[in-house]
Amino acid sequence: LFRSLRKALLSILLDGKPHTIPEIHERLIAMGFSISLRATSALVGFAHYRLRPILTCNYSKRLYSINPAYIPTVKTLLEQL
């Protein structure tokens, strides 16, 4: 389940637009995941900690996105999972 949540998170962020935690939470719920807002925040925080060069954050606005330079690489990795 956690692997599919991480995969879903990356697929949400692959659109190239920055997202807030509530936006990501709504998208995960729409994808059929049963996850709380706090758990979504923890998931995004953990992903940002582990993927810092790839996952960027605008701290003043709390917006998360994938660094555009890494989008093709992340797409390739998601296709292989």
Side-chain angles (χ1 to χ4, degrees):
L1 177 65
F2 191 66
R3 174 184 245 175
S4 60
L5 266 172
R6 290 183 291 182
K7 188 175 179 180
L9 171 64
L10 289 175
S11 68
I12 290 169
L13 295 173
L14 272 176
D15 64 7
K17 299 184 304 185
H19 297 277
T20 63
I21 299 291
E23 290 170 352
I24 294 169
H25 179 252
E26 289 174 13
R27 298 269 305 269
L28 288 172
I29 295 294
M31 295 170 113
F33 291 98
S34 177
I35 186 170
S36 69
L37 186 60
R38 279 182 87 171
T40 302
S41 179
L43 175 71
V44 173
F46 179 75
H48 180 253
Y49 172 75
R50 299 300 251 170
L51 304 173
R52 193 163 303 228
I54 297 170
L55 189 62
T56 60
C57 175
N58 179 334
Y59 291 102
S60 63
K61 296 182 182 177
R62 306 272 188 207
L63 295 172
Y64 294 87
S65 62
I66 292 181
N67 184 331
Y70 290 101
I71 288 177
T73 305
V74 172
K75 279 184 181 177
T76 303
L77 288 172
L78 283 179
E79 289 170 1
Q80 294 177 2
L81 289 177

Partners meeting side-chain contact (heavy atoms from CB on, under 4.5 Å) with Ile71 (sequence neighbours left out): Leu14, Ile66, Lys75

For a quick test of reading the model, state the closest non-hydrogen atom pair linking Leu55 to Ala47 and the distance between them. CD2-C, 3.7 Å

Could you tell me which residues satisfy side-chain contact (heavy atoms from CB on, under 4.5 Å) with Arg62, sequence neighbours excluded, listed by chain and number? none

For Ser60, which residues count as a side-chain hydrogen bond (donor to acceptor under 3.5 Å, both in side chains) partner, sequence neighbours excluded? Asn58

Distance col, row Thr40:OG1 vs Arg27:CZ, nearest 0.5 angstrom, shows 13.0 Å

Would you mind listing every salt bridge (charged side-chain N to carboxylate O under 4.0 Å, His left out) that reaches into residues 34-52, with sequence neighbours excluded? none

Do Ile12 and Leu77 share a hydrophobic cluster, counting only Ile, Leu, Val, Met, Phe, Trp and Tyr and linking them when any side-chain heavy atoms are less than 4.5 Å apart? no

Quick check: closest heavy atoms across Leu43 and Arg6, and the distance to 0.1 Å? CD1-CG, 4.0 Å

Please check if the side chain of Thr76 supplies one atom and the backbone of Pro72 the other of a donor-acceptor pair under 3.5 Å. yes

Give, for atom NE2 of His25 and atom CD1 of Ile21, the distance between the pair rounded to the nearest 0.5 Å. 10.5 Å

State, to 0.1 Å, how close Ala8 and Leu28 come at their nearest heavy-atom pair, and which atoms those are. CB-CD2, 3.7 Å

If the condition is side-chain hydrogen bond (donor to acceptor under 3.5 Å, both in side chains), which residues does Asp15 pass it with, not counting sequence neighbours? His19

If two hydrophobic side chains count as joined below 4.5 Å and joins carry through other members, does Leu63 share a cluster with Ile24? no

Please identify which of these residues, Leu9, Thr20, Val44, Thr56, meets the side-chain contact (heavy atoms from CB on, under 4.5 Å) condition with Tyr64. Val44

Non-neighbouring partners of Ala39 that pass side-chain contact (heavy atoms from CB on, under 4.5 Å), sequence neighbours left out: Ile35, Ser36

All heavy atoms of Ser65 vs all of Pro18, minimum pair found to be CB-CA, 3.8 Å

